Amino acid sequence: MNNAQYADILESIATLRQIRGDSPFKSRAFENAARSIRKMPEKIEELIDEGFDLTSLDGIGKSISGELHKIHETGESPTHKELLANFPDGILELTRVEGLGPKRIKLLYDELGICDLASLEIAAEAGQISALPGLGQKTEDKIKSEVIRLKNTSVDRIPLPLARAAGESIVAALSKLDCIQKIEIAGSIRRGRETSKDIDILVASKDYTLVFDTFVGLKEVDNILVRGDTKTSVRLKSGTQVDVRVVELWQFGAALHYFTGSKEHNIQIRSRAKKMGLRINEYGVLRLSDEEYIASKTEEDIFGAIGLPWIAPELREGGDEIENALNGKLPELIDKTSVMGDLHMHTLESDGRNTIPEMIEKAKSLGYTYIAITDHSAFVPVTGGMTADRFAAQIEEIRKENEKHSDFTLLAGIEVDILSDGSLDMDLELLKVCDWVVGSIHSGMNMKKENMNQRLLTAMHSGYLNAFGHPTGRILGGRKGYDYDLDLILGAAIENKIAFEMNGSTGRLDLNAEMAKYVSQKGAMVVLGSDAHSTRGLDEMRYAIQQSRRAEIPKSKILNSLSAADLLLATR
DNA sequence: GCCGTTTTCGGCCCGACTGTTTTCAGTCG
């Protein structure tokens, strides 16, 4: 059983206990433990086998440690089992219904026996819900439309790049208003979580009405969920929820911090403030003794008021970031200026849409001093990949093009297919003379684990690879990824100086932050790549950068933070 | 259930919005 499965059980316990009406603090304890386990790179099973004391982990005490041991031994938690005996399994799906929380779910179950979406729909159609105390016609109508919506949507979370793109389009539209003084995407998108449940946008303006009128009138908007004085939420036609919050300019920093979250980070920050005789809300830091706001304008002010340095949004997940901030142990994070070049991109030579000079021009505008062109090899026909002849010709072309630039280096590279037997889909002599080789899997992804291990080991030991492209093969919200023994392949990669890629392209984010942190801590180098198929695609480097920040990867572990000359030395 | 800049016991963030209420509970982030 992997960490996610342990976390799922703890989360299920948390939700069921809420519905049962237990202390909300006990529920939260299970949620905290679940989150802690989910983002931990070490495998909980191995820790238990090694006799590691789980209570030393964040949010895990004696009781939950005991649960975890029982799950390890028997595959099931007694607490979970007991809860499931009281409530049918399907009751958990009711939490997806907007407007239904634990109290109402319990009421619906106790009074009407509602235990899943199907029985909820029947009761709503029969008018039984509006007859319950505290619930009326509007609630019943809303439930009906929610059931219809949920029947048509299987996923509740959308991949970060899509969420950000949707958010930026709304920001662009609202920014046309003269009354907007400041506008920023907040929430999980700002923190760089790989999927988002909704899009949070913060606005500073004096004309709240105009902002909201414009917002709800946008063509992407399907319907208005709530509209108040300072906050409006809509659902887009795509199904995504967007929340817009408007504050005064002087409150922007406080509001940005509040609206960025995470929820657990905010709880910890506010608890700390409380102990210092302060109260933090979205308007600022309030000194309780005289009810004066002592900080509001910037996030730095908010953190400063409680004796902390500014903490990067990517770190605000309610883990150990506050403790680290206090001890001066916040990791140094890279930013876009740390990335000197992009080492994964495609051109018209395979399935890209732009020429080499066009890619160079865009790369220069991003501040890069080098790029590697890495068109596909021929194995997967749909990519229009290169045969040996074509690759040889492209290397020539790249050498000539490189001559034209004094302040920029164009590297000859390739994204070569790792074939089923682990051999590489290219003339090996050419791999030897080119500058940069990304090895990737694009076929036979469902191979059995043992075979995949052998395939990758063969490739890793070939002596030709510089990087392992999109190393898990997962697609966000889609494909799960290849099955192989990470530690085994990681060892071979380190031995052969092969970097693991953090691929920023839409839908991939592969490696993700958790795995990247793991491989980096184990000693592997990481390379950030856009996997661009057009000049615009080069912008997706920012997702690789942001995930590397979440993973707390130091600059010294990022291969393309080196200059071209040092990169070539390091990969010899 | 967890945890400790005041704590091994007693706290555990804070406010907006809605609907069903005649003053507030429930939900949400």
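Being a predicted model, the structure only gives us computed values, none of them experimental.
- An OP1 or OP2 oxygen of B:dG29 is reached within less than 4.0 angstrom by no side-chain nitrogen or oxygen of A:Arg245.
- The two residues A:Ala295 and A:Asp301 make their nearest non-hydrogen contact at CB-O, 3.5 Å.
- Side-chain nitrogen and oxygen atoms of A:Tyr208 include none within less than 4.0 Å of the OP1 or OP2 phosphate oxygen of B:dA16.
- The 5' end of DNA chain B is approached more closely, in terms of each residue's nearest nucleotide, by A:Glu140 than by the other of A:Ile105 and A:Glu140.
- The nucleotide whose nearest atom lies closest to any side-chain atom of A:Arg279 is, among B:dT5, B:dG29, B:dC14, B:dC14.
- In summary, A:Asp213 and A:Arg227 engage in a salt bridge, as defined by a charged side-chain N under 4.0 Å from a carboxylate O.
- Nearest to the side chain of A:Asp200, among B:dG29, B:dG1, B:dC14, sits B:dG29.
- Residues A:Gln268 and A:Gly318 approach most closely at NE2-O, 3.1 Å, considering heavy atoms.
- Taking a cutoff of 4.0 Å between a charged side-chain nitrogen and a carboxylate oxygen, A:Glu514 and A:Lys517 do not qualify as a salt bridge.
- At a threshold of 4.0 angstrom between heavy atoms, the contacts of A:Ile64 are confined to the sugar-phosphate backbone, with no base atom among them.
- For A:Asn281, a side-chain nitrogen or oxygen approaches OP1 or OP2 of B:dG15 to under 4.0 Å.
- If you check every strand for non-hydrogen atoms under 4.0 Å, A:Gln137 touches sugar and phosphate atoms only.
- The pair A:Glu317-A:Arg193 does not count as a salt bridge, with every side-chain nitrogen at least 4.0 angstrom from each carboxylate oxygen.
- Taking only side-chain nitrogens and oxygens, A:Lys263 never comes nearer than 4.0 Å to OP1 or OP2 of B:dC13.
- Distance check on atom C1': B:dC28 versus B:dT22 gives 25 Å, rounded to whole Å.
- Dashed line: the shortest gap from a side-chain N or O of A:Thr139 to OP1 or OP2 of B:dT20 is under 4.0 Å.
- Closest to the A:Lys103 side chain, of the nucleotides B:dG29, B:dG26, B:dG1, is B:dG26.
- Listed nucleotides B:dG15, B:dC13, B:dA16 differ in distance to A:Thr230; the shortest reach to its side chain belongs to B:dA16.
- As a whole-Å value, the separation of A:Leu94 CG from B:dT27 C1' is 15 Å.
- Remark: the separation of the P atoms in B:dT20 and B:dT27 is 13 Å, to the nearest Å.
- Atom CZ of A:Arg35 and atom P of B:dC2 are 14 Å apart (whole Å).
- Among B:dT6, B:dC2, B:dG29, the nucleotide with an atom closest to any side-chain atom of A:Lys275 is B:dT6.
- When the C1' atom is used for both B:dC17 and B:dT21, the distance is 15 Å, rounded to whole Å.
- Rounded to whole Å, the P atom of B:dC3 lies 15 Å from the corresponding atom of B:dC13.
- Counting to the nearest Å, the C1' atom of B:dG19 and the CD atom of A:Glu98 are 14 Å from each other.
- Nucleotides B:dT5 and B:dG11 are separated by 16 Å at their C1' atoms, to the nearest Å.
- For B:dC17, the paired base is B:dG26 (Watson-Crick or G-U wobble, both distances below 3.5 Å).
- Residues A:Arg191 and A:Arg316 approach most closely at CD-O, 3.4 Å, considering heavy atoms.
- Using a 4.0 Å cut-off, some side-chain N or O of A:Lys26 falls inside it from OP1 or OP2 of B:dG1.
- When all heavy atoms are compared, the tightest approach of A:Ser548 to A:Ile558 is OG-CD1, 4.2 Å.
- Look at A:Lys274 and you'll find a side-chain N or O under 4.0 angstrom from OP1 or OP2 of B:dC14.
- Within the nucleic acid shown, A:Asp229 comes within 4.0 Å of sugar-phosphate atoms alone, with no base atom in reach, counting heavy atoms only.
- Summarising the geometry, the separation between CG on A:Leu286 and C1' on B:dC13 is reported as 14 Å, rounded to the nearest angstrom.
- Nearest to the side chain of A:Phe30, among B:dT5, B:dT7, B:dG1, sits B:dG1.
- For A:Glu146 and B:dC28, the CD to P distance is 9 Å, given to the nearest whole Å.
- Put simply, A:Arg227 has no side-chain N or O that comes within less than 4.0 Å of OP1 or OP2 on B:dA16.
- A:Ile224 places its CD1 atom 10 Å from the P atom of B:dT18, with the value rounded to the nearest Å.
- Mapping A:Leu225 and A:Leu100 onto DNA chain B by nearest heavy atom places A:Leu225 at the nucleotide closer to the 5' end.
- Going from atom CD1 of A:Ile306 over to atom P of B:dC14 covers 12 Å, rounded to whole Å.
- Only the C1' atoms considered, B:dC12 is 15 Å distant from B:dT6, to the nearest whole Å.
- Rounded to whole angstrom, the span from the NZ atom of A:Lys142 across to the P atom of B:dG26 amounts to 16 Å.
- Within 4.0 Å of A:Val97, counting heavy atoms only, lie sugar-phosphate atoms of the nucleic acid but no base atom.
- In this structure, A:Pro102 reaches the sugar-phosphate backbone alone: every heavy-atom distance under 4.0 Å involves primed, P, OP1 or OP2 atoms, never a base.
- At a threshold of 4.0 Å, the pair A:Lys70-A:Glu82 does not count as salt-bridged, since none of the basic side-chain nitrogens sits closer than that to a carboxylate oxygen.
- Within 4.0 Å of A:Leu326, counting heavy atoms only, lies at least one base atom of the nucleic acid.
- Nucleotides B:dC9 and B:dG19 are separated by 47 Å at their P atoms, to the nearest Å.
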